[in-house]
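These notes concern the structure reproduced below.
Reckoned from all heavy atoms, side chains included, excluding hydrogens, waters and symmetry mates. All values reported here derive from a predicted model rather than from experimental measurement.
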Amino acid sequence: MKKFSILPFYSLISGLLLSLAWPANGIPLLLFAGFVPLLLIEEQFLKNRAKNYSFGIFFSVFPAFVIWNTLTTWWIYNSTLFGVVMAVLINSVFMSLTFWLFHFMRRRLKNPSQGYLGLIFAWISFEFLHHHWDLNWPWLSLGNGFSAWPQWMQWYEFTGIFGGTLWILIVNILIFKLISLKSSGNMKGFPVKDVSLIAGVILIPALVSVIMYHTYDEKHAPVDVVVVQPNIDPYEEQYELPADLVIDYASKLAITKADSLTDFIVFPESMVQPNWSSGMMIWENNLDDHPTINMFRRGLLTTFPEVGIVTGYSTYRSYEPGDVIPPTARQFKNGEGFYDAYNTAFLFRNSPDLQRTHKSKLTPGVELMPFPWLLKPLGDFALDLGGTVGQLGTDAERTPYNINDTLKIAPIICYESVYGEFVAGFVRNGANMIFVITNDGWWGNTAGHRQHMLFSSVRAIETRRSVARSANTGISCFVNQRGDVQQPTPYWQSAAIRQVINANDKITFYVRYGDYIARGSVLGLVLLLLVALTQRKR
């Protein structure tokens, strides 16, 4: 029992290791040891199983996950209290439950060593769940930990971030096994084989990645892009300034970099807002004659007739009698009819066609009311970071902007850039370039906007697509197909940048097969749980 007095210290160490490893300024190598103290805790619980109930491990590992979540995502508090509760407290509970599930299997398997497969299957399944359910929050998926080191994650084009999670968990288990062997007194001399195995598991994927990084050659398919960062304060200005002033100001910034050779101008998420004081909403039922649409057509598209303009709007759609009313629709205050609100991206070109997409990976609690069948009465209290209140409407399909036979653009709005398989869906549908538009001003000058920017680097590697990123308050940048961030703008400053980036039509293994590692882990978890429960019954 004497050893149990240091278990809280192990949990503290684990939380600090995981936090110090996290981007943007962390040392990701620490991830390879971040779970080792927790595995030491679990081993003590297993050895003393007669004196400790299974769920007790939840409370021993919970401090580690609270520390990790707090030190890496505390900045969400700047935008919403619900967000920080979700990201810190609830996520720590889910992580602790996942670790308890691993311990639960170990206690019931005839060979407890098989339980380490349970850790891998359970943790990856947990991360996969966070990509798909209403409380989605994949920000702290372990594979994201290398997002600031593109040289080390080139092989994500085959595995996506779940390959990185698998890598990290395997190394943690191997290091723990080595420590356990040493502490048991069964080790004689220096463990050359064990250390060599650990070094090989770390270094071989890293060296392969470095070689891929230095030998990757982008296909020459140039597209000239201007990215604009208007730097409009989302708390004080964005929803108060008239739309015509915002468009005029942002257009003047674009003109400082654009010319007749420019192919695209990219503005940020939700840049154009309805005029609440005059009641002039932006209804998708009738966009052709809307003043803000005509401002772009008579302004930048007249000056640069060949350019394409991508920009964010907050839009609405009203439903007519007989229309199918989706679950996201809200009723007008007078009770007559329904409407949907959207976080929208438009593509303007010198043609009558107006292509659009709606943000479809929504932020829980701020754009999406989780489990609406249960919580819909609280829907009116949700703060939308795109400029409307309540749950937003979404698109069912990942449809890229169709420019011509050889060029299609994936319009990714804000939080959507965190989801590898979601972005890959645009690429499978023909996109050969990615434009990310976002508004990260809600979080202030914290690690939040820097972490978010780095996810574009991961998406570039997974899909081998160049990225142009326009962030309202920064960081705006370009990302090449190797994941290198280029021309990052200063935060909270107006800016315009220009670069020629390459389109690409290659389909990577990851784009073709998606999150196959995660789906395999879900299957493995189900099978291992069945084995554990069956063995216990016998």
Side-chain angles (χ1 to χ4, degrees), residues 79-80 82-83 86 131-137 234 238-239 243 269-293 311-347 354-401 411-416 419 422 425-426 437-439 442:
S79 61
T80 168
F82 177 91
M86 163 61 193
H131 281 71
H132 294 283
W133 69 329
D134 282 1
L135 289 176
N136 58 85
W137 179 244
Q238 186 167 7
Y239 306 110
E269 172 194 20
S270 60
M271 186 181 79
V272 182
Q273 295 294 321
N275 192 327
W276 298 98
S277 59
S278 66
M280 188 176 67
M281 313 294 281
I282 305 171
W283 294 101
E284 294 191 3
N285 308 70
N286 186 21
L287 286 171
D288 289 340
D289 294 327
H290 197 276
T292 62
I293 305 294
T311 188
Y313 268 67
S314 288
T315 63
Y316 304 85
R317 177 193 172 188
S318 62
Y319 293 99
E320 301 296 331
D323 287 343
V324 176
I325 307 300
T328 56
R330 286 167 271 184
Q331 196 168 21
F332 286 104
K333 289 183 178 180
N334 61 12
E336 298 179 0
F338 293 84
Y339 71 99
D340 252 323
Y342 301 101
N343 189 337
T344 304
F346 282 122
L347 170 65
L354 184 62
Q355 299 185 53
R356 82 193 76 169
T357 189
H358 300 124
K359 185 178 181 182
S360 299
K361 279 293 188 181
L362 305 178
T363 310
V366 290
E367 295 173 323
L368 166 69
M369 180 53 63
F371 314 117
W373 55 272
L374 179 64
L375 301 176
K376 192 168 185 178
L378 301 177
D380 289 341
F381 294 96
L383 167 66
D384 166 44
L385 301 189
T388 61
V389 176
Q391 183 163 327
L392 302 185
T394 61
D395 291 339
E397 300 294 330
R398 310 283 77 82
T399 305
Y401 294 148
I412 307 300
I413 304 174
C414 190
Y415 192 48
E416 293 177 336
Y419 297 85
F422 179 88
F426 283 99
I437 64 172
T438 186
N439 183 9
W442 303 101

Requested in this report: For Phe426 and Pro400, work out which heavy atoms get closest and say how close.
Outcome: CD2-N, 3.8 Å

Report summary line: So OG1 of Thr315 and CH2 of Trp283: to nearest 0.5 Å the spacing works out to 9.5 Å

Query - Side-chain touch Lys361/Asn136, heavy atoms, less than 4.5 angstrom - result: no

Query raised in the report: Which atom pair, heavy atoms only, marks the closest approach of Ser314 to Ser270?
Result: OG-CB, 4.1 Å

Report summary line: On a heavy-atom basis, the closest approach of Lys359 and Cys414 is NZ-CB, 3.7 Å

Query raised in the report: In Å and rounded to the nearest 0.5 Å, what is the CG to CG distance from Asp340 to Asp323?
Result: 11.0 Å

Query raised in the report: Looking at Arg398 and Gly425, what are the two nearest heavy atoms and their distance?
Result: CB-C, 3.9 Å

Query raised in the report: Of all residues at least two apart in sequence or in a different chain, which pass the ring-ring contact (aromatic ring centres under 6.0 Å, His included) check with Tyr401?
Result: none

Requested in this report: Mind jotting down which residue pairs meet the salt bridge (charged side-chain N to carboxylate O under 4.0 Å, His left out) criterion with at least one end in residues 284-293? Sequence neighbours excluded, please.
Outcome: Glu284-Arg356

Query raised in the report: With sequence neighbours left out, what residues match Arg317 under salt bridge (Lys or Arg N to Asp or Glu O under 4.0 Å)?
Result: none

Requested in this report: Locate the shortest heavy-atom distance separating Thr328 from Leu392; write the atom from each residue and the value.
Outcome: CG2-O, 3.4 Å

Report task. Supply the atom-to-atom distance Thr394 OG1 to Asn343 CG, rounded to the nearest 0.5 angstrom. Result -> 11.5 Å

Requested in this report: Specify the closest pair of heavy atoms between Ala243 and Thr292, including all atoms of both residues, with the distance to one decimal.
Outcome: CB-CG2, 3.8 Å

Query - Side chain proximity check, Tyr342 to Ile413, heavy atoms < 4.5 angstrom - result: no

Report summary line: Separation between CD (Glu397) and OG (Ser360), nearest 0.5 Å, reads 10.0 Å

Query raised in the report: How long is the span from the CZ atom in Phe332 to the CZ atom in Phe338, to the nearest 0.5 Å?
Result: 10.0 Å

Query - Set of ring-ring contact (aromatic ring centres under 6.0 Å, His included) partners for His290, sequence neighbours left out - result: none

Query raised in the report: How would you list, by chain and number, every residue that makes a side chain to side chain donor-acceptor pair (under 3.5 Å) with Asp395, sequence neighbours excluded?
Result: Thr357, His358

Report task. Apply ring-ring contact (aromatic ring centres under 6.0 Å, His included) to Tyr419 and list each qualifying residue two or more places apart in sequence or on a separate chain. Result -> His131, Tyr415

Query raised in the report: Roughly how far, to the nearest 0.5 Å, is the CD1 atom of Ile437 from the OH atom of Tyr313?
Result: 11.5 Å

Query raised in the report: Is it true that a side-chain atom of Glu416 and a backbone atom of Ile412 form a donor plus acceptor pair closer than 3.5 Å?
Result: no

